[in-house]
Amino acid sequence: MEYCKISEALRKKEGEEVKIRGWIYRKRSSGKIAFIVVRDSTGIIQTIVEKKNVSSEEFKNARKALIESSVEIEGTIHEDERAPGGREIHVKKFNVVGFAKEFPITEYQSVEFLLDNRHLWLRSRKLTEVMKLKAKVLRLIRQWFDENDFYEVTPSVITTNAAEGGATAFEFDYFGQKAYLSQTAQMYLEALIFSLERVWSLTPSFRAEKSRTRKHLTEYWHLEAEEAWVDNEGNMKIQEELISHVCQNVVKIARSELEFLGRDIESLKQIEPPFKRIKYKDAIKKLQEKGFDIKWGDDFGAPHERALVEGEEKPIFITHFPVEAKAFYMKIAPDGKTVECADMLAPEGYGELIGGSERSEDIDSMIARLRQQGAKIENYEWYFDLRRYGSVPHSGFGLGLERLIMWLAKLDHIRDATPFPRMLRRAYP
RNA sequence: GCCGGCGUAGCUUAGCGGUGGAGCACCCGGCUGUUAACCGGGCGGUCGCCGGUUCGAAUCCGGCCGCCGGCGCCA
């Protein structure tokens, strides 16, 4: 007999024989009977080991095996209202593959202890559901790009460009020269559009900011796209279609995960283009009306972002930030004061999901802005070459994958959107 | 970087100047179609580290280390 998954076993009929394998999730036992709940990647099922139905060796092991021991079980399916899930297995063969030591994670635990034991905590229902959700979201993202003429590309994560604007990079020794862990693949993607036209990539990005918030990781998965012949408005269309595709379909293929995590399905279903577009200057006005002490030129903090999406059910775009507030590579708008950019803010205060812009083709303006930041111009010569050899209007954007997962899964901290979170004070395990 | 909080048994914690107690987990025994099972017993602590005050410090004071939350920076 082949092993079947627990989710399959739960669909079998009364009296059917099954073989399952997995890990002990919960157990209760006495001198004559043991109730052993087993989990695998698909679910949990209760199994009943009765002394009279198995060898004395097997019964002894069933009583002895602690939570998280790995087991192989053979038995008969029985419908029973008392069992979680309505079905259970009456055990005929009970084999312990690996006895577990006393599992450190029990009922109530501190955040610190759970993070120290992250490698074990990953077995929890919650993190399992988040990881499944993340895999399915990635499947949908890939699907959307495939269907919309994008090529997936694999840019490098090691770079000698100290990279964009204000962000701080992790520096390391690269055979005697200074190198950095990439903060964005953007410039590499820009190089690739001249052959592939529409490209996207998923890479780790690193930020050495000493941020202490529930929205920041030092290492995160960065989803970036770059499109030839696309302006800022076209860029926003691509973004809202991508996000809508994910929302519309994730409720179909990850319904149980979302429900377990407490995400309201209906709120995701209604997310479809177009998303509201608000100009920076109007956002400032709106914030002033709400009583914030903010003026033209200021960047938005967390409270501002929360206020701007208040009452919004879909993500919104904030466009046309002041030139000074944004990176050197963004195209300057006709007004000369703002750039052709858009930040997508998630509803419910989950913050910036996407940052995107139309890219500048004016080498002089980019050099002037780089100088202002004190950057080394010679590092960017290759980048300027892209403008010298058949430049085209183009745009692109970057999405923090864990931010998206955090919003979709209604997580209260971004660390749970990734299996081994890297943060200011944590790189272990 | 700034502000605030917390470090006592494997875990969650009470004690806040006079020889450290409980719940969970684990072990032993009993018992049960159990559901966070239950009942009885047992094991388990350099009270984060260093120094000071005191007859006496988990408790008061100083320094250090670790972690958490918020703000800032940033995606």
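Residue numbers begin at 1 in each chain, while the letters A, B, ... track the order of the sequences. Computation of the quantities below employed the complete heavy-atom set of this structure, encompassing side-chain atoms and omitting hydrogens, waters and symmetry-equivalent molecules. Just so it is clear, the structure is predicted and the values come from calculations on it, not from any experiment.
Checked for salt-bridge contact, Lys19(A) and Glu72(A) miss the test: no charged N lies under 4.0 Å from a carboxylate O.
Under the 3.5 Å distance criterion, the side-chain polar atoms of Asn61(A) are left unmatched by any main-chain donor or acceptor of Val96(A). Under the 3.5 Å distance criterion, the side-chain polar atoms of Thr128(A) are matched with a main-chain donor or acceptor of Ser124(A). Although no hydrogens or angles enter the test, the distance criterion places a donor-acceptor pair under 3.5 Å between the side chain of Thr184(A) and the main chain of Gln186(A). Glu16(A) places a side-chain N or O within 3.5 Å of a backbone atom of Lys13(A) that can act as its donor or acceptor partner.
Residue Arg212(A) places a side-chain atom within donor-acceptor reach of the base of G69(B), judged by atom type and a 3.5 Å distance cut-off alone. Side-chain atoms of Thr106(A) and base atoms of C24(B) include no donor and acceptor less than 3.5 Å apart. Counting distance only, with no hydrogens placed and no angle test, the side-chain atoms of Glu88(A) and the base atoms of G33(B) include a donor-acceptor pair under 3.5 Å.
Distance Lys60(A) NZ to C28(B) P: 11 Å, rounded to the nearest Å. Here C6(B) presents its P atom at 21 Å from CD of Gln109(A), a figure rounded to the nearest Å. We find that OH of Tyr428(A) is positioned 15 Å from C1' of C67(B), with the value rounded to whole Å. Atom-to-atom, CZ of Arg306(A) to P of G72(B) comes out at 8 Å; the value is rounded to the nearest Å. As rounded to whole Å, 19 Å separates atom P of A75(B) from atom CH2 of Trp221(A). As rounded to whole Å, 9 Å separates atom C1' of A75(B) from atom CG of Leu353(A). Rounded to an integer number of Å, the gap from Arg425(A) CZ to G70(B) P is 14 Å. The NE2 atom of His304(A) sits 8 Å away from the P atom of G72(B) (whole-angstrom rounding).
OP1 or OP2 of G33(B) has not a single side-chain nitrogen or oxygen of His90(A) nearer than 4.0 Å. One finds a side-chain N or O of Arg415(A) lying less than 4.0 angstrom from the OP1 or OP2 phosphate oxygen of G69(B). Taking only side-chain nitrogens and oxygens, Ser110(A) comes nearer than 4.0 Å to OP1 or OP2 of U12(B). Between Arg426(A) and C68(B), a side-chain N or O to OP1/OP2 separation shorter than 4.0 Å is present.
When heavy atoms are screened at a 4.0 angstrom cut-off, Phe113(A) is found touching the sugar-phosphate backbone but no base atom. Heavy atoms of Gly31(A) sit under 4.0 angstrom from at least one base atom. Residue Gly351(A) is out of contact with every strand shown, counting any heavy-atom pair closer than 4.0 Å. Leu115(A) comes within 4.0 angstrom of the backbone, heavy atoms only, and of no base. At the heavy-atom level, Ala302(A) lies under 4.0 Å from the strands shown only through sugar-phosphate atoms. Across all strands, Asp80(A) comes closer than 4.0 Å to base atoms (heavy-atom distances). Here Glu402(A) lies out of heavy-atom contact (under 4.0 Å) with every strand.
Considering only side-chain atoms of Phe35(A), the nucleotide from U34(B), G72(B), G70(B) that sits closest is U34(B). Here the side chain of Pro303(A) is nearest to one of G69(B), G72(B), A75(B), namely G72(B). Minimum atom distance to the side chain of Ile414(A) is reached by A75(B), of the listed U35(B), A75(B), C68(B). Here the nucleotide nearest the side chain of Leu66(A), chosen from C67(B), C26(B), G72(B), is C26(B). For Arg63(A), the listed nucleotide lying nearest its side chain is C31(B); candidates were C31(B), U34(B), C73(B). Of the candidate nucleotides G10(B), U35(B), G69(B), G10(B) has the atom lying nearest to any side-chain atom of Glu102(A). The side chain of Thr213(A) has C73(B) as its nearest neighbour among G66(B), C73(B), U12(B).
Judged by distance alone, the side chains of Ser267(A) and Gln270(A) never bring a donor and an acceptor atom under 3.5 Å apart. In this structure, a donor-acceptor pair under 3.5 Å is present between the side chains of Glu58(A) and Ser55(A).
A stem is defined here as three or more consecutive Watson-Crick or G-U pairs, each with both distances under 3.5 Å; for RNA chain B these stems are B:1-7 with B:65-71, B:10-13 with B:21-24, B:26-30 with B:38-42, B:48-52 with B:60-64.
Between Phe172(A) and Tyr174(A), the ring-plane angle classifies as perpendicular under the 30° and 60° cut-offs. The aromatic rings of Phe145(A) and Phe397(A) lie parallel to each other, their planes meeting at an angle below 30°, with 60° marking the opposite boundary.
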Practice problem: Let me see the working for Trp296(A) and Tyr280(A) under ring pair (Phe, Tyr, Trp, His ring centres under 6.0 Å), right down to the final yes or no. | Solution: CA-CA 8 Å; Trp296(A) 168 273; Tyr280(A) 170 88; 5.2 Å; yes
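Both the sub-6.0 Å distance and the 45° axial angle are not jointly satisfied by Arg263(A) relative to the ring of Phe260(A). The cationic atom of Arg39(A) (NZ for Lys, CZ for Arg) does not lie both less than 6.0 Å from the six-membered ring centre of Tyr25(A) and within 45° of the ring axis.
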Find every protein N or O atom lying less than 3.5 Å from an N or O atom of nucleotides 37-40 of chain B, and list the pairs.
| unit_1 | atom_1 | unit_2 | atom_2 | d |
| --- | --- | --- | --- | --- |
| A37(B) | OP2 | Arg28(A) | NH1 | 2.7 |

